[in-house]
Visitor: 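Please see the structure below; I have some questions.
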Amino acid sequence: MPEILLVLLAGIAAGALNSVGGGGTFVALPALVAVGLSPVTANASSTIALVPGAVASGWVYRRELTPVGGTSTKALTAISVVGGGFGAALLLTLPAASFDTAVPWLLAFATLVLAFGRRVSRAVSGALGREIGISSRAVLIGQFFLALYGGYFGGAVGIMMFALWGIGLGLDTAVSNPMRVTQIAAINLSATALLLVASDALSAPLVLAPMFVGALAGGFTGAHFARRLSDRLLRSIILTTAVTMTALYFVRG
């Protein structure tokens, strides 16, 4: 019973974190490892378990989607689906050690871009006398690699989306959060379709089920809460989460 309660609470926290700004994997994964799953199985299980939370959050945000620059929402979602599937395939075929080594540095980069990206963008725009804006093709290429990372590991992929869209297109965090949640749902759904068939995530249903239920509750509730936050407050929460996760991953490494 204590293990089931731990996993349930971790699912609620992870679903809520993902709906607000990201970082749910960093709660879900350690909880699953703590109850006895191997790291690779726990990674696959957390991806599957967090899907309902992402879908629930996406449903709450469905009328608030704002396009990412001039990029078609359909094209962006299709890229997320393809990249998520390829990322899950990499999880099942490649050793995790080398990629795990890069995770803290990826998080550190995303955190720095989130913290200082707008200032740098404004400074460069002032020097050039025009606004910085990456092309739709560049957005899609960047989204593919983010989706690849999301399907493989997933930790802080939403924060990295904020970083890319913020510095490249100047999008506000609060405005782009609904689209971020929707794209994470697309990535996780695609990855889950493969992981359900090819991984051993279903070998521990009594562990997976409570996290699944918790993530659904946390994602739905968290999305309603996040809608009421100002851009400044939302950015503060996300940056705090990002700094904490980055520090923890460097310590773990």
Side-chain angles (χ1 to χ4, degrees), residues 18-25 47-48 50-92 99 106 109-110 113-114 117-118 121 124-125 130-197 219 223 226-227 231 234-235 238:
N18 281 343
S19 68
V20 173
T25 299
T47 297
I48 295 169
L50 296 182
V51 164
V55 173
S57 298
W59 174 258
V60 173
Y61 285 128
R62 67 191 183 281
R63 295 189 178 91
E64 301 171 34
L65 296 178
T66 300
V68 178
T71 308
S72 161
T73 299
K74 290 182 178 180
L76 191 71
T77 304
I79 287 293
S80 293
V81 168
V82 172
F86 274 109
L90 289 177
L91 175 64
L92 296 171
F99 196 80
L106 291 171
F109 173 73
V113 172
L114 271 173
R118 288 184 179 179
S121 181
V124 174
S125 295
R130 58 181 176 82
E131 291 292 325
I132 296 177
I134 59 177
S135 67
S136 295
R137 177 177 294 180
V139 170
L140 292 176
I141 292 173
Q143 188 67 19
F144 173 77
F145 285 105
L146 288 177
L148 190 72
Y149 166 81
Y152 184 90
F153 176 68
V157 64
I159 291 174
M160 293 181 183
M161 283 187 205
F162 278 137
L164 174 65
W165 300 346
I167 195 171
L169 299 167
L171 293 182
D172 287 343
T173 306
V175 171
S176 59
N177 195 41
M179 182 61 76
R180 178 196 66 86
V181 169
T182 302
Q183 296 309 311
I184 288 177
I187 292 169
N188 285 351
L189 280 168
S190 175
T192 293
L194 180 59
L195 294 174
L196 282 173
V197 176
R227 293 170 70 192
D231 179 67
L234 186 59
R235 277 178 57 81
I238 294 166

Visitor: Using 0.5 Å steps for rounding, measure from the CG atom of L148 to the CD1 atom of I187.
Guide: 9.5 Å
Visitor: Between A56 and G219, what is the shortest heavy-atom contact and its length?
Guide: CB-C, 4.5 Å
Visitor: Under the side-chain contact (heavy atoms from CB on, under 4.5 Å) criterion, do V81 and L189 qualify, and how do the steps go?
Guide: CA-CA 8 Å; V81 168; L189 280 168; over 6 Å; no
Visitor: Taking side chain to side chain contact (heavy atoms under 4.5 Å, CB included) as the test, write out the residues that go with T73, two or more places apart.
Guide: T77, M179
Visitor: Run the side chain to side chain contact (heavy atoms under 4.5 Å, CB included) test against L92 and tell me which residues pass, sequence neighbours left out.
Guide: L194, L195, A198, S199
Visitor: For a quick test of reading the model, state the closest non-hydrogen atom pair linking V181 to G58 and the distance between them.
Guide: CG1-N, 3.5 Å
Visitor: Between atom CD1 of I141 and atom OG of S135, what is the distance when rounded to the nearest 0.5 Å?
Guide: 7.0 Å
Visitor: Using modelled atom types and a 3.5 Å cut-off, is there a donor and acceptor pairing between side-chain atoms of S190 and backbone atoms of V82?
Guide: no
Visitor: If you count heavy atoms of other groups shown closer than 6.0 angstrom to CZ of F86, is the number above 12?
Guide: no
Visitor: Assess whether side-chain contact (heavy atoms from CB on, under 4.5 Å) is satisfied between M160 and L164, documenting all intermediate values.
Guide: CA-CA 6 Å; M160 293 181 183; L164 174 65; over 6 Å; no
Visitor: Roughly how far, to the nearest 0.5 Å, is the CG atom of L146 from the CD1 atom of I79?
Guide: 11.5 Å
Visitor: Can you see which heavy atom on T47 is nearest to which on A191, and at what distance?
Guide: CG2-CB, 4.0 Å
Visitor: Can you find a heavy atom in the side chain of I184 that is under 4.5 Å from one in the side chain of M161?
Guide: yes
Visitor: Sequence neighbours left out, what passes side chain to side chain donor-acceptor pair (under 3.5 Å) with S80? Give chain and number order.
Guide: Q143, Q183
Visitor: With sequence neighbours excluded, give me every side chain to side chain donor-acceptor pair (under 3.5 Å) pair touching residues 154-170.
Guide: none
Visitor: If I compare all heavy atoms of V197 with all of A193, which pair ends up nearest, and what's the gap?
Guide: CG2-O, 3.5 Å
Visitor: What residues, two or more places apart in sequence or in another chain, satisfy side chain to side chain contact (heavy atoms under 4.5 Å, CB included) together with R63?
Guide: none
Visitor: Could you give the distance from OH (Y61) to OG1 (T182), rounded to the nearest 0.5 Å?
Guide: 9.5 Å
Visitor: Which residues satisfy the side chain to side chain contact (heavy atoms under 4.5 Å, CB included) test with A75, sequence neighbours excluded?
Guide: S72, L140
